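Have a look at the structure below before the remarks.
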Amino acid sequence: TNGDGTPVPSLAGYNMALTTSGPTSDLGGFTPPFVRETLASAGITGPDGEGNFGYTSTVTLPADAAGTWRIGLEVRRTVTLSGGQSVTEAAQNPVADFSVDGSPVEDRRVVVLQENCSGCHGTFSVDFSVHGGSRNQVDYCVVCHNANVTDFDRRRRAIGVGADPVNETIAMKHLIHKIHRGEELEHHPYIVYGFGAAPANFTAHDFAEVLFPGDLTDCGTCHTGGSELLPLPSGLLP
């Protein structure tokens with residue numbers, strides 16, 4: 001639906017993608033650590049009488065996939081305002097957990113709350129601009145930013161294959177703790193390669209000057225339910 005609740009009559013011109021990973025005990029435990037699919041408009045059906053669209057995925061999960069997996073959707077579109085200016089707006093990312101082998105669905109642990117993020121970042125995706133606002137829910141962020149993903153692919157394309165680049169993990173817990181510590185990091189610089197300007201539309205992002213607007217010793221600013229305390233749940237990936 002649109003923001004005012006009216007049904008969307010067509011998805012033509014929308015940019016949409018699905019990302020899937022598993023298991024929910026700690027996402028990224030299989031090879032590849034996540035599977036991403038850009039939705040082809042030709043494969044979308046609907047809307048039906050209730051305004052629902054349908055899509056059958058064309059990707060294949062790893063052959064050894066087991067347990068509960070998570071799938072998330074991102075959607076953005078360009079709209080023209082009354083003054084003639086074009087802007088891009090994004091939907092909130094819905095996620096769903098499902099069993100790939102018939103075993104009972106296992107809920108993923110809750111580490112942080114979206115409303116805690118919004119306490120600093122603003123309502124909805126305001127200032128979540130790293131991915132253009134289209135990836136804006138922490139339950140979806142962790143699908144890609146899991147323990148077995150690094151910035152190597154972006155890094156090598158930015159500085160050249162022959163440069164033998166050293167990769168940086170982009171696992172959510174590592175990335176977010178370091179970004180939020182920013183200027184107070186013991187070791188500078190903290191550089192992660194990602195989307196951006198040339199060369200090849202990948203660039204270095206230095207987070208060493210980020211200022212945290214609060215008390216870094218107050219883990220409850222982001223965490224919930226004592227999720228920062230030891231011992232951590234069993235089965236977590238290193």
Side-chain angles (χ1 to χ4, degrees), residues 3 18-30 33-34 36 67-75 90-100 103-151 168-186 190 192 194 205 207-208 210-238:
L18 295 167
T19 310
T20 310
S21 184
T24 49
S25 56
D26 209 8
L27 300 169
F30 292 88
F34 67 85
R36 182 170 171 80
T68 302
W69 278 53
R70 171 167 292 183
I71 188 167
L73 174 70
E74 58 192 73
V75 183
Q92 297 185 45
N93 307 126
V95 299
D97 296 337
F98 64 98
S99 173
V100 299
S103 59
V105 173
E106 296 184 8
D107 293 334
R108 179 175 166 81
R109 69 191 189 282
V110 178
V111 179
V112 300
L113 296 178
Q114 183 72 22
E115 49 264 41
N116 291 354
C117 302
S118 299
C120 290
H121 287 278
T123 306
F124 178 29
S125 63
V126 174
D127 294 333
F128 285 154
S129 58
V130 175
H131 291 303
S134 61
R135 301 161 204 173
N136 45 63
Q137 302 292 304
V138 69
D139 287 345
Y140 183 51
C141 297
V142 295
V143 175
C144 290
H145 288 276
N146 59 64
N148 282 321
V149 178
T150 75
D151 72 344
E168 179 75 57
T169 179
I170 56 172
M172 193 70 174
K173 53 189 167 185
H174 182 92
L175 181 74
I176 294 303
H177 279 106
K178 281 216 164 187
I179 288 176
H180 284 142
R181 192 163 181 84
E183 190 178 73
E184 301 299 322
L185 284 168
E186 183 176 356
Y190 174 55
V192 178
H205 299 280
F207 296 104
V210 173
L211 298 174
F212 184 72
D215 181 1
L216 282 169
T217 66
D218 182 7
C219 300
T221 302
C222 302
H223 284 269
T224 184
S227 61
E228 75 281 6
L229 300 176
L230 297 176
L232 296 177
S234 62
L236 299 189
L237 298 172

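We count residues from 1, following the sequence as given. Small disclaimer: the values here were computed from a predicted structure and weren't measured.
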Side chain to side chain, Leu216 and Arg181, heavy atoms closer than 4.5 Å:
yes
Within the 4.5 Å heavy-atom criterion, are Ile176 and His145 side-chain neighbours or not?
no
Residues 226-238, side-chain donor-acceptor partners within the protein, below 3.5 Å, at least two apart:
| from | atom 1 | to | atom 2 | distance (Å) |
| --- | --- | --- | --- | --- |
| Ser227 | OG | Val111 | O | 2.7 |
| Ser227 | OG | His223 | ND1 | 2.8 |
| Ser227 | OG | Thr224 | O | 3.2 |

Donor-acceptor contact below 3.5 Å, side chain Asn93 vs main chain Ser134
yes
Would you check if Asp139 and Arg108 make a side-chain contact, meaning some heavy-atom pair closer than 4.5 Å?
no
Here the pair of heavy atoms bringing Thr221 nearest to Asp215 is OG1-O, 4.3 Å
Quick one: does Gln137's side chain have a donor or acceptor within less than 3.5 Å of a partner on Pro94's backbone?
no
What one should report as the nearest heavy-atom pair of Val149 and Pro33 is CG2-CG, 3.7 Å
How long is the span from the OG1 atom in Thr150 to the CD1 atom in Ile170, to the nearest 0.5 Å?
6.5 Å
Quick check: closest heavy atoms across Phe207 and Ile179, and the distance to 0.1 Å?
CG-CG1, 3.8 Å
Once rounded to the nearest 0.5 Å, what's the spacing between atom CD of Glu74 and atom OH of Tyr140?
3.5 Å
Could you pull out the closest heavy-atom pair between Lys173 and His177, with the gap in Å?
O-ND1, 2.5 Å
Closest approach of Pro23 to Phe30 (non-hydrogen atoms, all atoms of both residues)
CD-CE1, 3.5 Å
Rounded distance [0.5 Å steps], NE2 in His180 versus CG in Leu175:
9.0 Å
Begin from the C-alpha positions of Arg70 and Val142 and carry the test side chain to side chain contact (heavy atoms under 4.5 Å, CB included) through to its verdict.
CA-CA 10 Å; Arg70 171 167 292 183; Val142 295; 4.1 Å; yes
Ala91 backbone acceptor or donor facing Asn136 side chain under 3.5 Å
yes
Polar side-chain atom of Asp151 near backbone of Val192 as donor-acceptor pair, under 3.5 Å:
no
Walk me through whether Phe34 and Leu27 qualify under side chain to side chain contact (heavy atoms under 4.5 Å, CB included).
CA-CA 8 Å; Phe34 67 85; Leu27 300 169; over 6 Å; no
So, for Leu185 and Lys178, which heavy atoms are closest and what is the spacing to 0.1 Å?
CD1-O, 3.9 Å
Which residue pairs pass the side-chain hydrogen bond (donor to acceptor under 3.5 Å, both in side chains) test when at least one of the two sits in residues 20-30, sequence neighbours left out?
none
